[in-house]
2 protein chains.
Amino acid sequence: MPAKRKNGIDLSSSLSDIWKVLSDDEREVLRKNARIVNFKKNELIYCENEIPKDLMCLFKGKVKIFRTGVGGRNQIIRMIRPVQYFGYRAYFAHEPYVTAAAAFEPSTVCMIPMEIIEKMLLGNSHLAMLFIQMLSTDLGIADQRVVNLTQKHIRGRLAESLLFLKESYGLEEDGATINIYLAREDLASLSNMTTSNAIRTLSNFVDEHVIAIDGRKIKIIDEDKLRKISRMG
Amino acid sequence: MPAKRKNGIDLSSSLSDIWKVLSDDEREVLRKNARIVNFKKNELIYCENEIPKDLMCLFKGKVKIFRTGVGGRNQIIRMIRPVQYFGYRAYFAHEPYVTAAAAFEPSTVCMIPMEIIEKMLLGNSHLAMLFIQMLSTDLGIADQRVVNLTQKHIRGRLAESLLFLKESYGLEEDGATINIYLAREDLASLSNMTTSNAIRTLSNFVDEHVIAIDGRKIKIIDEDKLRKISRMG
DNA sequence: TTAGAACAATGTTATATAACACAAAAATAC
DNA sequence: GTATTTTTGTGTTATATAACATTGTTCTAA
């Protein structure tokens, strides 16, 4: 039996991870309570200090989780790709959001009230394990990120970001172009540097034949070298 | 009925958070499977790349979770106080440890095999919620830490660390001395700076009458000023 | 009690990176 | 299609912080 559709989107295939561990009754509850929301490019999905209300699942598009630091300088904390969940951490910690989320490009997000999820969690321990696993993975990434961002030099940080983008969003048909187009400013706030330095370092990489750039398209020419730069700094 | 004792330690009062959400049967399982291990000052509790096996609960002492970064430079990621749990994240993420843990001072740790905990989790969703909450809180802290460590200047980072130590370990009877004595080197690797700079900045704070130092004892003289420095950088 | 190591303090130099300024190119609006 | 804003690119300067060197101090051990 195919799942009911909302705005032409098949919930059962899109919410895959969660869907798998649910009973028919639980699935019906989700169907009834899920909202599908579309966001324009650069539109805010939630913002700092807001009270978290929904579990969000990115169906389509690309989303950045970021935080405004000293002197209004933004720092990208995490990036979300389809089909990943986000927005639930603060609810579980009983805090307002400490980050904000915005769509990089036109995006479709499925929202399910956290109260529903929380109730479901108490009756379905496999669902709980899923959240424990996601949180544990993210915390491990955050722990490593702290060290990478603070100890590596500019070149190493930018190289790492490029590799991270490749892992996250993959390559285009040519097998080289990273499948996400970021402004230099976003690349900078992902790599903890100023925009000027992102631009400069990117140019250096081009001179060294590690990458090629065409506007916002970045082609990885020599991945080994990029990895070496990322490791060494 | 009082809980059985192991090496003179009362499990039921020490494992408080977890204990509360367990049934009598589950408590009995923990009693049977818990080991109490003592660690000397500076002794390693677990190390990087090791396979995680136990949930650990610090009963007595102080523990640092750290990571070896570029060029062997250590970075303290988290600090543990009694009665906090640690060592479980990597197991849930199905990874080897990305961090190491060491005792700052003579410490007593209760260890419970993660297999036991995982099984218990599937049958007790309140226990699962507890882990979800702990992980969510830690992830929020990590997210904020990334921004603080990368964007604040040395003075701000050190001030923040001192405040953090005060919040975590409290003050002594005099109402001013921070209740943990760290080497300058540890203070540095907690604040992402070199040992020299930790020493220098500490001396500056003394000159400015923000703190007073006597060896490794740090007395907070002007907390407001310290907060201001932490905010501004 | 002395020898040796670990730790703390301080000054000097080197350097990575931010900050600033400006020009060119591209995107967007009118 | 021109005007205006945003983004990208590049050179210059300033500065925060690491790196290094040296000395004094405290702790540890034989």
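Values reported hereafter were calculated over all heavy atoms of this structure, with side chains retained and with hydrogens, waters and symmetry mates removed. Treat the numbers as computed from the prediction; the structure is a model and nothing was measured. Order of the sequence lines fixes the chain letters, A, B, ..., with proteins taken first and strands second; residue numbering starts at 1 for each chain.
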Ion pair present between B:Asp214 and B:Lys219, side-chain N to carboxylate O less than 4.0 angstrom? no

Residues which pass side-chain hydrogen bond (donor to acceptor under 3.5 Å, both in side chains) with B:Thr201, listed by chain and number, not counting sequence neighbours: none

Each nucleotide in nucleotides 13-18 of chain D should get exactly one letter: B, S or -. Can you fill that in based on protein heavy atoms under 4.0 Å? ---SSB

B:Glu160 and B:Ser191: side-chain donor and acceptor closer than 3.5 Å? no

Going by atom types alone, do B:Thr150 and A:Gln75 pair a side-chain donor with an acceptor below 3.5 Å? yes

Please list, chain by chain and in numerical order, all residues satisfying ring pair (Phe, Tyr, Trp, His ring centres under 6.0 Å) with B:Tyr46, sequence neighbours excluded. B:Tyr97

Between C:dT10, D:dG9, C:dC20, which nucleotide gets closest to the side-chain atoms of A:Arg184? D:dG9

Report, one pair per line, the protein and nucleotides 25-30 of chain C atoms (nitrogen or oxygen only) whose separation is under 3.5 Å.
none

In whole angstroms, the gap separating P of C:dA9 from CZ of B:Arg216 amounts to 10 Å

Can B:Asn192 and B:Arg73 be counted as having a side-chain donor-acceptor contact under 3.5 angstrom? yes

Can you see whether A:Asn74 engages A:Thr68 through a side-chain donor-acceptor pair at a distance of less than 3.5 angstrom? yes

Under 4.0 Å, counting only non-hydrogen atoms across every strand here, what does B:Thr195 touch: a base, just sugar-phosphate, or nothing? nothing

Rounded interatomic separation in angstrom, taking CG from B:Leu187 and P from C:dA9: 11 Å

Just by modelled atom types, is the B:Glu105 backbone N or O under 3.5 Å from a matching donor or acceptor in the B:Ser107 side chain? yes

What is the distance from CG of B:Leu182 to P of C:dA8, rounded to the nearest Å? 10 Å

Ring pair (Phe, Tyr, Trp, His ring centres under 6.0 Å) involving A:Tyr88 - partner list, sequence neighbours excluded: A:Phe131

Can a side chain N or O of A:Ser203 be found less than 4.0 Å away from OP1 or OP2 on D:dT10? yes

Distance in angstrom units between A:Ile213 CD1 and D:dT8 P, rounded: 10 Å

I need the OH-C1' distance between B:Tyr181 and C:dC7, as an integer number of Å. 18 Å

Taking atom P of D:dG9 as reference, at what distance in whole Å does atom CD of A:Glu185 sit? 14 Å

Checking the side chain of A:Arg184 only, and the main-chain atoms of A:Ile199 only, is there a donor and an acceptor separated by less than 3.5 Å? no

In degrees rounded to 10°, what angle is found between the helical axes fit to the five outermost pairs at each end of the helix from C:dT1-D:dA30 to C:dC30-D:dG1? 50°

I need the CG-P distance between A:Asp207 and D:dG9, as an integer number of Å. 12 Å

For B:Ile199 and D:dG24, what is the distance between atoms CD1 and P respectively, to the nearest whole Å? 16 Å

For A:Phe164, does its backbone N or O pair with a side-chain atom of A:Glu167 as donor and acceptor, under 3.5 Å? no

